[in-house]
There are 2 protein chains.
Amino acid sequence: MDDGVQGFCPNGPLDWSFAAQPATSARDRIMRAASHLFCNHGFSATGVDTIIARAETAKATLYHHFTSKEELIAAVLEAEGETWRRWFFGRLARIEGPARVRLLVVFDVLHDWFADPAFYGCPFINAVAEFDTGNDAVRAAAARHKEHLLTWLKAQAIELDAPDAAEVARSFAVLIDGAIVAAQHSRDPSFALTARRLAEGYLDGMPLGRGARGAAPRGPGKSAV
Amino acid sequence: MDDGVQGFCPNGPLDWSFAAQPATSARDRIMRAASHLFCNHGFSATGVDTIIARAETAKATLYHHFTSKEELIAAVLEAEGETWRRWFFGRLARIEGPARVRLLVVFDVLHDWFADPAFYGCPFINAVAEFDTGNDAVRAAAARHKEHLLTWLKAQAIELDAPDAAEVARSFAVLIDGAIVAAQHSRDPSFALTARRLAEGYLDGMPLGRGARGAAPRGPGKSAV
DNA sequence: AAAATTCAAGACAGATCTGTTCATATTCTG
DNA sequence: CAGAATATGAACAGATCTGTCTTGAATTTT
């Protein structure tokens, strides 16, 4: 039932989880252990005793650093989000092509994420799914994370000269969320490529400001049907 | 903290949850109560005491009908899936247009689902997100549910004369999952329409067997970039 | 009417949960 | 070296968890 530490590669291309960070203080060991257990076995299902056992520390130390399990959950989500975004946007920042290329490479980066054996889905999607009604802190953390994503997507859409950058960002958010969930359920990373093809078709069919791309402009409305 | 019974409309268009079924036996009351609580507050976070309190029954009765909480979870997921599919495919069966229309109406039906104040996301997505690693029964139930969906989508794609019906079904699955998650997080039903526009663009760009639709055929590969 | 099944209410066991306390040990700082 | 902050182990409290059991009442079937 218990599982060892795997997939640890400092500064490597797969460091998308906070749990893979190098250990230093007791606080960090607790954070890494909690991160791993929360993300792999659920938040409610993971007790603090299990966390301190994995972190090889004492309960008093945990409650010295965090006033409650709820606060620990919030800290873990924050750290997971920050680590993931650093990894994700770091990968994308290396792409030098135009905005269209960067927007499509998103799904190649997602593919690498999905292909990691340690992939467990998006911590924020999982947390909102678990707590759902009545945990506004978790919902707010997820909203902040998604806002980061939407801001980046919107910036690319503006660079694309898209007529409605916000709608482009929303569309890509749907594709990203859908790919994450489909890959998580099926353990099949290729859903990232399916989402990429959808994105290509979407961008091809979009009338751009300068009419740069070849496809004939099509209105987004429900024209035919 | 506790919430009453809302959204009950027998045989109405919004009966997508098993929890909205009419009460009869004690077993049904338990199922409805468990359904509501599991879906709104999480599976691990809901104790059997809370369930029997809401069902106005006794613990002995619960354990007379279900050998364990795990079995109750499985039964709830099965019932939720069946009720939802009956509702969903029932709505779609009324559409008499061609397959393209039915495929796009999917997102209008989803919109109605998302717009229900009682909407809590997809129980299977939420369950897999909560248990994630190590609960194969839940994963299998989710896989069966998704298989129903994929089978229907594939049948529509074949009727469309799509070159790769399975890939069309996968694409729509990504769009559906993405819309569900985005709507669940934002509480904004219009993500269904965003997904619908993505689907329209996808279908428009797809080369069909008989070349029925007007758009110039574009290969799905990574042509330009 | 009698018998059998179902149900309600609650006590109970044993485990596990979050969180506290306290004495001690370690480590960092001045 | 002295003092301050931090880490640790272990026991403890109180609540809650799943699951069992008993007793008696209601309901249905024979």
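Note on naming: letters A, B, ... go to the chains in the order of the sequence lines (proteins, then strands), and numbering restarts at 1 for each one.
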> Taking the inter-plane angle between the rings of B:Trp84 and B:Phe89 on a 0 to 90° scale, is it parallel (under 30°), tilted (30 to 60°) or perpendicular (over 60°)?
Replying inline: perpendicular

>> Classify the ring geometry of A:Phe114 against A:Phe119: parallel below 30°, tilted from 30° to 60°, perpendicular beyond 60°.
In response: tilted

Interatomic distance, [X] [atom1] vs [N] [atom2] [rounded to whole Å]:
| X | N | atom1 | atom2 | result |
| --- | --- | --- | --- | --- |
| A:Ile30 | D:dG9 | CD1 | P | 12 Å |
| A:Asp28 | D:dA7 | CG | C1' | 14 Å |
| A:Glu70 | C:dC17 | CD | P | 18 Å |
| B:Leu62 | D:dT20 | CG | C1' | 13 Å |
| B:Ile73 | D:dC17 | CD1 | P | 14 Å |
| B:His64 | C:dT5 | NE2 | P | 10 Å |
| B:Arg27 | C:dT6 | CZ | P | 12 Å |
| A:Ile52 | D:dA10 | CD1 | P | 11 Å |

> What does B:Thr61 touch in the nucleic acid at a heavy-atom separation under 4.0 angstrom: a base, only the sugar-phosphate, or nothing?
Replying inline: base

>> Any base atoms under 4.0 Å from A:Thr46, or only sugar-phosphate, or nothing? Heavy atoms, all strands.
In response: sugar-phosphate

>> Tell me if the side-chain of B:Lys59 makes a donor-acceptor pair with the base of C:dG10, cut-off 3.5 Å, by modelled atom types.
In response: no

>> Could you check whether the side chain of A:Lys69 and the base of C:dG19 have a donor-acceptor pair of N or O atoms closer than 3.5 Å, going by distance alone?
In response: no

> Can you tell me which stems DNA chain C forms when a stem means 3 or more consecutive Watson-Crick or G-U pairs under 3.5 Å?
Replying inline: C:1-27 with D:4-30

> Any luck finding a side-chain donor-acceptor pair between B:Arg170 and A:Ser190 under 3.5 Å?
Replying inline: yes

>> If we count only N and O atoms by modelled type, under 3.5 Å, do the side chains of B:Arg85 and B:His145 hold a donor and an acceptor together?
In response: yes

Of the listed nucleotides ([options]), which one gets closest to any side-chain atom of [X]?
| X | options | result |
| --- | --- | --- |
| A:Arg29 | D:dT18, D:dT8, C:dT18 | D:dT8 |
| B:Asp49 | C:dT18, D:dC17, D:dG19 | D:dC17 |
| B:Tyr63 | D:dT20, C:dC17, C:dA8 | D:dT20 |
| A:Ala58 | D:dG19, D:dG9, C:dA9 | D:dG9 |
| B:Ala60 | C:dT6, C:dA9, D:dA7 | C:dA9 |

> Any donor-acceptor pair under 3.5 Å linking the side chain of B:Gln184 with the backbone of B:Cys122?
Replying inline: no

> Do any side-chain nitrogens or oxygens of B:His65 fall under 4.0 Å of OP1 or OP2 in C:dC7?
Replying inline: yes

>> Looking at A:Thr57, I'd like to know whether one of its side-chain N or O atoms comes within less than 4.0 Å of OP1 or OP2 on D:dT8.
In response: yes

> So which of B:Lys59, B:Lys69, B:Arg54 actually passes salt bridge (Lys or Arg N to Asp or Glu O under 4.0 Å) with B:Asp49?
Replying inline: B:Lys59

> On DNA chain C, nearest-nucleotide positions of B:Ala55 versus A:Ser44: which is more 5'?
Replying inline: B:Ala55

> Do A:Phe131 and A:Phe43 have their ring centres less than 6.0 Å from each other?
Replying inline: yes

>> So which atom in B:Leu198 and which in A:Ser171 form the shortest heavy-atom distance, rounded to 0.1 Å?
In response: CD1-O, 3.6 Å

